[in-house]
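Throughout, protein chains are lettered first and strands after them, A, B, ... in sequence-line order, and every chain is numbered starting at 1.
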Number of protein chains: 4
Amino acid sequence: MNQPTADSRTRILDAAEALFADRGYEASSTARIAGHANVPKGLVFHYFPQKIDVLVALVDERTFVEELPDGSGAAVEAVPGDPAGTLSRLARRLPLHASPAMRRILFREADTHKSVRERLGRLNSEVFLRARRALELAHPGARGDQARLEAAAATFTAVLIYQENLAGLTGQHIDPDAVAELIARALGT
Amino acid sequence: MNQPTADSRTRILDAAEALFADRGYEASSTARIAGHANVPKGLVFHYFPQKIDVLVALVDERTFVEELPDGSGAAVEAVPGDPAGTLSRLARRLPLHASPAMRRILFREADTHKSVRERLGRLNSEVFLRARRALELAHPGARGDQARLEAAAATFTAVLIYQENLAGLTGQHIDPDAVAELIARALGT
Amino acid sequence: MNQPTADSRTRILDAAEALFADRGYEASSTARIAGHANVPKGLVFHYFPQKIDVLVALVDERTFVEELPDGSGAAVEAVPGDPAGTLSRLARRLPLHASPAMRRILFREADTHKSVRERLGRLNSEVFLRARRALELAHPGARGDQARLEAAAATFTAVLIYQENLAGLTGQHIDPDAVAELIARALGT
Amino acid sequence: MNQPTADSRTRILDAAEALFADRGYEASSTARIAGHANVPKGLVFHYFPQKIDVLVALVDERTFVEELPDGSGAAVEAVPGDPAGTLSRLARRLPLHASPAMRRILFREADTHKSVRERLGRLNSEVFLRARRALELAHPGARGDQARLEAAAATFTAVLIYQENLAGLTGQHIDPDAVAELIARALGT
DNA sequence: CATGAATGAGTGTTCATTCAT
DNA sequence: CATGAATGAACACTCATTCAT
């Protein structure tokens with residue numbers, strides 16, 4: 001991920017990614033970023049006119065929320081009759097392509113920086129949509145219970161996001177498979 | 001909340017609470033806090049030798065996690081046979097006594113300041129314990145299913161904490177009553 | 001003017017006055033001002049939140065345009081029948097109380113900084129009003145020639161201000177007494 | 001003035017002229033000049049090794065002080081017996097060929113940059129010489145009054161230069177025709 | 001106990017200038 | 001000729017903290 005001969009811009013982003021994840025955006029000075037990247041201070045501002053642009057570039061270029069094309073059921077790999085397994089698979093493949101460092105940044109800076117918040121909001125929607133679709137497909141009988149199905153999808157989304165965000169901080173750990181099974185039961189006949 | 005004759009220390013904490021909630025700990029200078037509190041700059045350091053001590057004092061004195069005495073079932077107001085209602089009541093009375101401002105501070109500064117993180121961890125445990133106990137009491141039949149019951153309690157905790165922390169940011173809103181009902185169904189029969 | 005034990009604020013203003021006059025406002029860095037004043041860099045901003053406030057304070061506190069109370073003829077020391085002498089005296093006592101350094105600053109920074117421009121405008125008006133009143137009093141006969149009298153006052157103002165501002169730069173020097181005599185002749189019978 | 005196919009050097013000077021007039025030399029960065037001129041940053045330094053050379057080139061190439069060949073009376077269009085008219089014509093045709101932007105630059109940067117100051121000094125001398133010659137020619141009788149004539153020429157020069165430089169700033173406006181008439185009267189019998 | 005002047009390292013940012021391509 | 005990445009000193013300004021009074 002960090003080529004030995006990476007160009008300066010890449011090295012700056014690499015350094016920022018590591019520092020922002022480690023100590024937060026505010027506490028990572030541009031001078032320190034430049035130092036870590038082994039480039040002169042001024043070069044940071046050549047590529048990123050303002051410090052915030054470094055964060056924006058990171059979120060833009062190094063996080064990707066895999067969005068489901070409308071109507072495609074295949075992508076969720078839903079198995080009719082097996083809602084628990086379907087959700088478990090979703091938990092194992094969160095539609096977020098990002099390094100562990102970028103994941104920390106995404107959650108940590110969300111409430112101070114709009115661009116980060118938006119990306120996080122998209123992740124949230126996408127997880128919710130996938131969970132709902134997975135449940136719809138896996139559970140074809142439950143027609144009348146749209147509201148319950150939505151609550152189940154929202155609950156599963158909360159667990160997944162909570163896991164990424166707070167579980168480490170609070171020491172709480174949840175087994176997504178157990179939650180998947182729980183929700184399957186709740187929607188079961 | 002801010003008596004006309006509040007003493008200096010209280011006025012400093014009031015100002016810090018408002019500023020930390022509004023713009024974050026890092027972005028609130030001690031000078032600004034003093035200004036808001038209408039006290040001279042030096043006085044802040046008279047009461048709080050270091051800036052971080054202001055945050056620690058706020059968390060210590062202005063957030064309180066109501067902890068359940070061991071074995072007391074009364075406090076959760078569990079109704080045997082009504083797990084959904086029991087959880088709903090828990091959702092409505094999160095065992096966290098803190099102003100909305102302090103709640104924001106608790107979540108925002110959690111991953112940078114240990115003392116805040118600890119308080120948040122206690123809240124998390126307490127919610128989990130209450131949810132578990134509530135389910136145990138409300139659901140006396142489900143003896144054999146200890147693991148499932150724990151997953152249910154953890155799920156409910158995740159939803160409640162997620163609600164406080166991220167729901168506003170991501171635009172996702174969850175009805176805790178619906179989740180309570182869902183979990184009750186999952187544990188049913 | 002520069003006491004050996006002058007307090008810090010005064011020393012900062014002294015240093016700024018000298019530097020602004022010597023090299024201009026833009027070219028005088030706050031660090032250099034602090035160095036000249038022998039105070040730490042930060043102290044400049046303790047007294048003057050922004051660099052521009054140093055200039056504003058200088059203009060406010062160290063230039064003074066002596067304004068004529070309405071209707072007072074005594075102040076101009078006009079001698080009826082001696083317009084030339086009256087104007088000469090005005091030239092010798094420009095109603096501007098300011099050090100030579102402050103005079104340079106006043107003219108040099110006028111077109112970039114509003115507060116300076118306003119002070120300069122006041123000086124200009126005051127000189128014009130005094131010249132006009134002097135001529136009115138010294139020249140009681142010239143009733144019908146209000147327009148010519150105004151042109152004469154404006155001309156004299158231009159010469160005085162030009163003298164302060166550009167004469168040194170361009171190498172041109174004018175004898176105000178000769179101009180006074182010229183104008184007196186122009187208005188003469 | 002700005003041909004569609006103007007070469008890079010011309011475009012750089014055009015941009016610098018506009019920016020220097022608008023915000024001053026110091027406040028106009030070379031990067032901004034390049035941006036306005038739509039040329040790469042490095043090119044500015046290809047044509048002008050130092051930033052100051054841009055200003056020097058502007059003054060050299062875009063301001064011109066029309067200098068009177070010695071002894072030529074025709075150029076001032078002096079009319080013997082009509083000193084007022086002769087001066088009025090001089091006022092209307094200041095021997096300075098320069099755009100309004102260049103005029104601002106000339107006065108604004110005069111006291112910080114020698115080359116500008118010299119050009120301004122030449123303008124000043126030229127106006128003075130023309131005024132003096134005009135008065136000599138228009139007023140052939142006034143031989144004995146060389147001193148008074150010089151004062152009159154200097155006065156007229158001051159009014160003209162003041163007009164260009166400060167009148168706008170201070171709000172004072174002078175009618176050169178009225179001044180011309182005033183001076184003519186002063187030199188009259 | 002109260003005060004605000006003093007301190008100096010650090011912050012984000014700008015900029016003229018260089019130079020390899 | 002043309003280019004834009006690279007450089008590093010300098011800039012205005014912030015800040016937690018100290019301390020004499």
field: side-chain N/O Thr30(D) vs dA16(E) OP1/OP2, d < 4.0 Å
entry: yes
Distance, rounded to the nearest Å, where Lys51(A) contributes NZ and dT13(E) contributes C1': 12 Å
- prompt: In dot-bracket notation, what is the pairing pattern of DNA chain E, taking Watson-Crick (N1-N3 plus N6-O4 or O6-N4) and G-U wobble (N1-O2 and O6-N3) contacts under 3.5 Å, with [ ] crossing and | for other strands?
  reply: .||||||||||||||||||||
message: So, does Ser8(A) get its side chain near the phosphate of dA6(F), meaning an N or O under 4.0 Å from OP1 or OP2?
response: yes
query: Closest approach of Ala27(A) and Glu26(B), non-hydrogen atoms and distance?
result: CB-OE2, 4.3 Å
field: side-chain N/O Gln50(D) vs dT17(E) OP1/OP2, d < 4.0 Å
entry: yes
task: For Glu109(D) and Val116(D), indicate whether the former's side chain and the latter's backbone hold a donor-acceptor pair under 3.5 Å.
output: no
field: Arg108(C)/Asp22(C) ion pair, N-O < 4.0 Å
entry: no
- prompt: Tell me: CZ of Arg32(A) to C1' of dA9(E), nearest whole Å?
  reply: 14 Å
message: Between Asp60(B) and Arg119(B), does any NZ, NE, NH1 or NH2 come within less than 4.0 Å of an OD or OE carboxylate oxygen?
response: yes
message: The side chain of Leu43(A) is closest to which nucleotide in this list: dA16(F), dT7(F), dA12(F)?
response: dT7(F)
Nucleotide nearest Ser29(B) (side chain, heavy atoms from C-beta), chosen from dA5(F), dC15(F), dG10(E): dC15(F)
- request: Return the nearest nucleotide to the side chain of His46(B); candidates are dA12(F), dA2(E), dA6(F).
  value: dA2(E)
query: Once you round it to whole Å, what is the distance between P of dT7(F) and CZ of Arg9(A)?
result: 17 Å
- request: Measure the distance from CD1 on Ile52(D) to C1' on dC15(E) and round it to the nearest whole Å.
  value: 15 Å
field: Nearest to side-chain heavy atoms of Pro40(A), which nucleotide of dA16(F), dT7(F), dG12(E)
entry: dT7(F)
field: Whole-Å gap separating P (dT14(E)) and CD1 (Ile33(D))
entry: 16 Å
For atom CG of Asp7(C) and atom P of dA20(F), their distance in whole Å: 19 Å
- line: Between Lys41(A) and Tyr47(C), the residue closer to the 5' end of DNA chain E by nearest nucleotide is Tyr47(C)
- request: Please state how far atom CG in Asn38(B) lies from atom P in dA2(E), giving the value in whole angstrom units.
  value: 14 Å
message: On DNA chain F, compare the nucleotides closest to Ser28(B) and Glu26(C); which residue's is nearer the 5' end?
response: Glu26(C)
query: To the nearest Å, how far apart are Phe45(A) CZ and dA16(E) P?
result: 17 Å
task: Find which nucleotide of DNA chain F each of Gly42(D) and Val44(A) is nearest to by heavy atoms, and output the residue with the more 5' nucleotide.
output: Gly42(D)
query: What orientation do His97(A) and Phe64(A) show, parallel under 30°, tilted 30 to 60°, or perpendicular over 60°?
result: tilted
message: Within a 6.0 Å radius of atom CZ on Arg103(D), are there more than 12 heavy atoms belonging to other residues, nucleotides or ligands?
response: yes
message: Please enumerate all residues that pass side-chain hydrogen bond (donor to acceptor under 3.5 Å, both in side chains) together with Ser28(B), with sequence neighbours excluded.
response: none
task: Locate the shortest heavy-atom distance separating Arg117(C) from Ala110(C); write the atom from each residue and the value.
output: NH1-O, 3.1 Å
task: Just call it for Phe48(B): base, sugar-phosphate, or nothing, with non-hydrogen atoms closer than 4.0 Å on any strand.
output: nothing
